[in-house]
A.B. asks: 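This structure is in structure tokens; I'll ask about it shortly.
Side chains are part of it too, since the values below use all heavy atoms of this structure and drop only hydrogens, waters and symmetry mates. Below, chain A is the first sequence line, B the second, and so on; all start at residue 1.
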Amino acid sequence: MGEFAYVAPTSVADAIDVLQEHARSGRRVQALAGGTDLLVQLRGVDKAPRTIVDVKKIEETNRLDIGSDEIYIGAAIPSALLNENAELKALLPGLVEAADLIGSSQIQGRATLGGNLCNASPAADTTPAMIANRGVCVIASGGGSREMPVEAFCTGVGVNALAADEFLLGLKFPRPPARTGDAYLRFIPRTEMDIAVAGCGVSLTLDDTGVCTAARVGIGAVAPTPLRVDAAAEALLGTGVGDAALAAAGVACTAASSPISDKRGTVQYRRKVVAVLCRRAGAIARGRALGAA
Amino acid sequence: MAEAVDYQVLGTRPVRPDGVDKVTGRAQFGADQNLPNMLHGKILRSPHAHARIKRVDLSKALAMDGVCAAVTGADFPTVASGVSIGEAGGDVMDIAHNVMARDKALYHGHAVAAVAATSLEIAEQALDAIDVEYEVLPPVLDVLQAMAPAAPLLDENCFTKNLPEKPDKPSNVASVMALSRGDVEAGFEQADLVVEGEYRIPMAHQGYIEPHACTATVNEEGKATVWCCTQGQFDFRTAIAKILDWKVGDMKVVPSEIGGGFGGKTVVYLEPVAVLLSQRAGRPVKMVMSREEVFRATGPTSGTVCRVKVGAKQNGRITAAKAWLAYESGAFPGAPVGPGAMSIFAPYDLENFLVEGHEVRVNKPKVAAYRAPGAPQSMHAMEVALDDLARQLNMDPLDLRMVNAADEGTQAPYGPKFPAIGFKACIEAAKKHPNYTAPLLEGAGRGVAAGFWFNVGMQSSAEVRLNEDGTVIVMEGNPDIGGSRASMSLMAAETLGVPYEQVKTYVGDTESTGFCNLTGGSRTTFATGMAVVRACEDIIAQCRSRAAATWGVDEEQVEWRDGQAVPAPGVNADVNPLSLADLAAGAPRTGGPILGRASLNAQGAGASFSVNFTDLKVDQETGAVEVLSFTAVQDAGKAIHPAYVEGQMQGGAAQGLGWALNEEYIYDADGVMENAGFLDYRVPVASDLPMIDTEIVEVRNPSHPYGVRGVGETPIVAPLAATANAVRDAIGIRINDLPLSPPRILAALGGE
Ligand SMILES: Cc1cc2nc3c(=O)[nH]c(=O)nc-3n(C[C@H](O)[C@H](O)[C@H](O)COP(=O)(O)OP(=O)(O)OC[C@H]3O[C@@H](n4cnc5c(N)ncnc54)[C@H](O)[C@@H]3O)c2cc1C
């Protein structure tokens, strides 16, 4: 049996070294961001010893840049900082709201978008919102770095696309053009401290006559991984995002979903509710896009 | 109604004596007791819901470094059936076999073996090294399935009790019972209309925040001390001694502060195991359950199927009522179907009724008491049926209850005639309440239900000690789970005529205070309060005699007024009054320390009735319920400390709403609970609830010196049906089963 070790590299290269060295020797290693998933797992489901690589001491994981074309959020930035950033909140309110749903204030002082994504839970709240906002993963790897759309990152329940010598540096989003609005809604049986039974993120851009010129829809907790639903986006494109278009987008979400029945909800329930969330999130996004005009 | 009595301190709301230590983290809870050389104990639990235990091999575990003791069921003495312990603990043999399985594991999580080791990690590794051979048997998980003749049998020696003739075949039905009066069928014939339904409620847990924990040490003289979180140190002492075949006198139980019990800490789980491990190892052993263990192996209350039929005249008078109740008792007998049957019709004055109850064993944890054990489930059925009846009669649901309400002199369905009771007063108060007269919000629904609990008296002792400066110590033996130390201090201060701050109440261990039955049945403020008042009267009698001796007059010539001995009117004595402080200071010269005592078996616990109503909204597209307001009206007899009475009412409403809306034990086909944690066993969080509004009604209980009725249990009874009736009102569809979770509501709405 191995031992627990903790390392906190201060550069990308050092972090990659640690990962590569473990990959070579076959020892277990795991990245740590806020630890709000990892520490819970270490105390419960999987207690086996391993090396913990803290990614929070690296410059690139701690940057939050809002550029003229692009927004970059480092993998160590906790939700609380997103919530306190007025500019980000104005640009991507739905994404920030998704991050604000995670746990409680205490949890949000630590929890990151990157951790939420890398943990690869089907029910991760920020992932559908990131998909809707065309998020791109910036991945540091032994061979340099690579990028990948958020919707391609989760490959199964608890499994992501990172190779043994890779970790997530941060997330990039195109700066939303004028008259763009986003929203994320989830359903939980309680009002807080719960896991999504279904979730839906929508981002919309309207032209100056109110016609939808761009749309993205992401859904969560209704399939093994969060999904991008192009059919839902297409149902909104070219419309004024009225009730009929929203209903059609909702139907597309239901059609794209492949949920399971478990202690949190039945197949029928999840399929039905994801459509409701799509309609409601779409209406909020539309309102925001109009407000932003 | 309440008599106008002027009290000095009763009815005020002082800070509780244990409050500061609790909010600053100084209070010692069950897991806080640590001793030098202490070992950590852990339980190996059955991975099967139903299995014969063929062999348990501890040798590999015992050979491990750091493992000091290991035990299985074979290490426990044989315990004969017959003695009943605890509020709803049941038969001592069943409790013993629940504490440690013998030849069969009867539910997933049933204790099969235990170890004590020098660290928790080693103890956990040692569990993995225990080799158990099981013969897996099919589990039976549903109460109706368990009653079927072909169902797998939990216990070949279980023959249904209370049948007219002893059955020749064993059954999962542990017992049956019936209560009746009049002629039910004739009553239904007189009815203008009849409503009926079948209502199912799954198992639910008490959800106390503090997991079970204890530390036990057995010394070289064979004396044991057990520190634990318990609702009753004396009842725990009896249980541990009986299960281990020890002398009660060799066992001391010290209660810690308690982080919630609600009935669930009236039964032993870890304590006998810790004592046995400590005895084997010769070192103290501490055992603490994880939350998962708490869900899998302690508590819950019965899952139930209740069928109710009620017939009434056009004017609302009930002509007949009939109920059929089946309660899961879990792995062993002990379901609260008796109290469920006795309470279902208790609020009403009925000429004709019949209740049949069945207590059924299933491969799930042994049920334990949960606030008003048995009543919430059966009364949910009745109160929902009454709501349907009120709708059909086009009557206000409160008026329907008033037409049938029990009152002083009504013969309770369970036998005695009620003395003064507060049910009608509660209905009147609810009807006048601003939340009831307020119009309903657009799209919302309102539901009404009544609640009831018998309350109990039982044995209590109290000792009141006068310190040399005149301050007062009250020693009693009931763990404080609802602010009872504050109530004891208030009653002592009132009786003695001194300020609240002059009295401090302590909860003693089994060797420092007289016997008290456990804190349960809403008995503490009533029964132990009565003992405290009597012990204070004992002090007063002694003070009068000391004053008489000091003044050279007869005892009858001394009165006790406002905390002082004074000469009776007309007594010609030129003396100054003697305060408690004066008498305490003079005690060395007048006969020594002043100590008051009382012990009693309290009779006449007054029943407490309630009326609850709630307004809520249902999201028609998701089935989610938003509770807009909740109003609890309840008879407290006399609210000694109104804030803690309100706290009981609010807490019961919160638990009842959780039970009604989301809480349930979810099992897979193999009998493994799927939601053994607070993430998926959904008790309400603060933001799920509105402020619970309360109104205390005070109809004096003639049996208590200050008119107290127990208030701890009634609050959880009415919320189930009040919520169900409000959902019915909001969506126009009756859903018979609980919980009213979003998927269940949406399915009823036809949204699949
Ligand atoms: C009380 C509580 C409530 C919660 N509520 C919610 C909720 O409402 N919604 C929700 O979606 N989640 C919730 N969570 C889960 C958790 O807080 C979130 O998933 C959070 O975003 C995880 O971020 P983290 O930085 O803490 O991740 P960590 O725990 O540090 O990591 C999570 C996983 O990702 C990996 N990882 C982290 N960073 C990197 C990286 N840079 N590169 C490679 N791998 C990495 C880790 O190895 C680990 O496997 C809750 C958790 C708790 C304890």
A.B. asks: Under a 4.5 Å heavy-atom cut-off, does chain A meet the side chain of B/Y681, its backbone, both or neither?
C.D. replies: backbone
A.B. asks: I need the residue from A/R279, A/R270, A/M193, A/K47 with the largest number of non-hydrogen atom pairs under 4.5 Å to chain B.
C.D. replies: A/R279
A.B. asks: Heavy-atom cut-off 4.5 Å, strictly under: side chain, backbone, both or neither for B/D688 against chain A?
C.D. replies: both
A.B. asks: Using ring pair (Phe, Tyr, Trp, His ring centres under 6.0 Å) as the criterion, list what pairs up with B/F29, not counting sequence neighbours.
C.D. replies: none
A.B. asks: Which residue out of B/D668, B/N675, B/V625, B/D619 racks up the most heavy-atom pairs below 4.5 Å with chain A?
C.D. replies: B/D619
A.B. asks: B/R682 and B/D680: salt bridge (charged side-chain N to carboxylate O under 4.0 Å, His left out), yes or no, with the steps?
C.D. replies: CA-CA 5 Å; B/R682 294 194 175 82; B/D680 289 301; 3.4 Å; yes
A.B. asks: Identify which one of B/T301, B/T304, B/D737 satisfies the side-chain contact (heavy atoms from CB on, under 4.5 Å) criterion when paired with B/I201.
C.D. replies: B/T304
A.B. asks: Mind telling me whether B/Y208 and B/H212 have parallel, tilted or perpendicular rings, with 30° and 60° as the class edges?
C.D. replies: perpendicular
A.B. asks: Does any heavy atom of chain A fall under 4.5 Å from the side chain of B/S741, the backbone, both, or neither of them?
C.D. replies: neither
A.B. asks: Counting only non-hydrogen atoms closer than 4.5 Å, does B/E124 touch chain A with its backbone (N, CA, C, O), its side chain (CB onward), both, or neither?
C.D. replies: side chain
A.B. asks: Looking at A/D194, A/I195, A/V197, which one has more heavy-atom pairs under 4.5 Å with chain B than the rest?
C.D. replies: A/D194
A.B. asks: Is it true that a side-chain atom of B/E210 and a backbone atom of B/G30 form a donor plus acceptor pair closer than 3.5 Å?
C.D. replies: yes
A.B. asks: Is B/I666 close to chain A through its backbone or its side chain, or both, or neither, when contacts mean heavy atoms under 4.5 Å?
C.D. replies: side chain
A.B. asks: Do the rings of B/H205 and B/Y665 sit parallel, tilted or perpendicular, given the 30° and 60° boundaries?
C.D. replies: parallel
